[in-house]
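Numbering of ligands and ligand atoms starts at 1, following listing order. These figures come from a predicted structure and were not determined experimentally. Index from 1, following the sequence.
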Amino acid sequence: MARNPQLNRHGELQHLLTTEGLPRDVITRILDTAEPFTVVAEREVKKLPLLRGKSVFNLFFENSTRTRTTFEIAAKRLSADVINLNISTSSTNKGETLLDTVDNLAAMQADMFVVRHASSGAPYLIAQHLEATGRDHIHVINAGDGRHAHPTQGLLDMYTIRHYKRDFTQLSVAVVGDILHSRVARSQIHALTTLGVPDLRAIAPKTLLPADIDRLGCRVFHDMAEGLRGVDVVMMLRLQNERMQGSLLPSPQEYFKFFGLTQEKLALAKPDAIVLHPGPMNRGVEIDSAVADGRQAVILPQVTFGIAVRMAVMAMLGSVEA
Ligand code: CP
């Protein structure tokens, strides 16, 4: 059997590239490790020494508000030195290749790369390159690659669900919206499946579903009312216009009418259902403001939990022997 490229020969997390194939015990360990980190923010000194002396490089080749900032906060809370490479003013603009950039930053004694890139597979390429060139002491975390994966988003979503709902094996969960272009949806679906969610639903128009949706273990619904009936968790997705080629939808207004989450549609879910959204939100397109700001939304707690989950991932990687 091929070795999972994220795990070292001892089965420890070496890189975090995807939730696909990530063993259940590793996911659970990340969520458990994150638990005590949530209270670090309540201390007068919001710091732990777990990454003291380590250098974390944030390489965001695509825009980000939540992921980049919470990785920076998480690394600083673990006492790491954090370097945010400003891609727009870097030598990437002079034609330097991704791997040349990585080699130069590795020569500055990097310990961890946090990578967001528009190309699916870019973080894999970096991890493979580091291993092939004998620098496997440097860890790579995928902070979102193309439409492929966004594992820390998937994991912080799992943390949020576990916080409010406890037992994954008792849940009905609906993932709603632009699943075709969403790296978040893939990371969520793989993690939810591994954690044993028995009723996983994908709600989307036919044009926004990937061809392999059945293989992913979801029940597919094209009618939102039908799909939301009785669910415990509603995971909304952003409509990703920047990744759409050609016209996949009549108009944002039409999309909102059929697939936008309103109070009326949410009332079909269980009364204590929670609503997640990874952000950034398109209010009035995939979600109504009354829901986004309503009592069932856990969208801002997701962001806060994201710090603890990213601390957990970095602390686990930082504890691996080279
Ligand atoms: N959820 C998420 O990835 O948001 P950002 O693009 O702001 O990082």
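Annotation: Tyr124 is in aromatic contact with His148 [ring centroid separation under 6.0 Å]. Side-chain rings of His163 and Phe305 approach one another, their centers coming within less than 6.0 Å.
Checked against salt bridge (charged side-chain N to carboxylate O under 4.0 Å, His left out), Arg283 has the following partners two or more places apart in sequence or in another chain: Asp293. A search for salt bridge (charged side-chain N to carboxylate O under 4.0 Å, His left out) contacts involving Asp100 returns nothing, not counting sequence neighbours. Checked against salt bridge (charged side-chain N to carboxylate O under 4.0 Å, His left out), Asp272 has the following partners two or more places apart in sequence or in another chain: Lys165.
Annotation: ligand 1 has protein neighbours Ser64, Thr65, Arg66, Thr67, Arg116, His150, Gln153, Pro278, Gly279, each with a heavy atom less than 4.0 angstrom from the ligand.
Remark: Arg183 does not engage Glu20 in a salt bridge, criterion side-chain N to carboxylate O under 4.0 Å.
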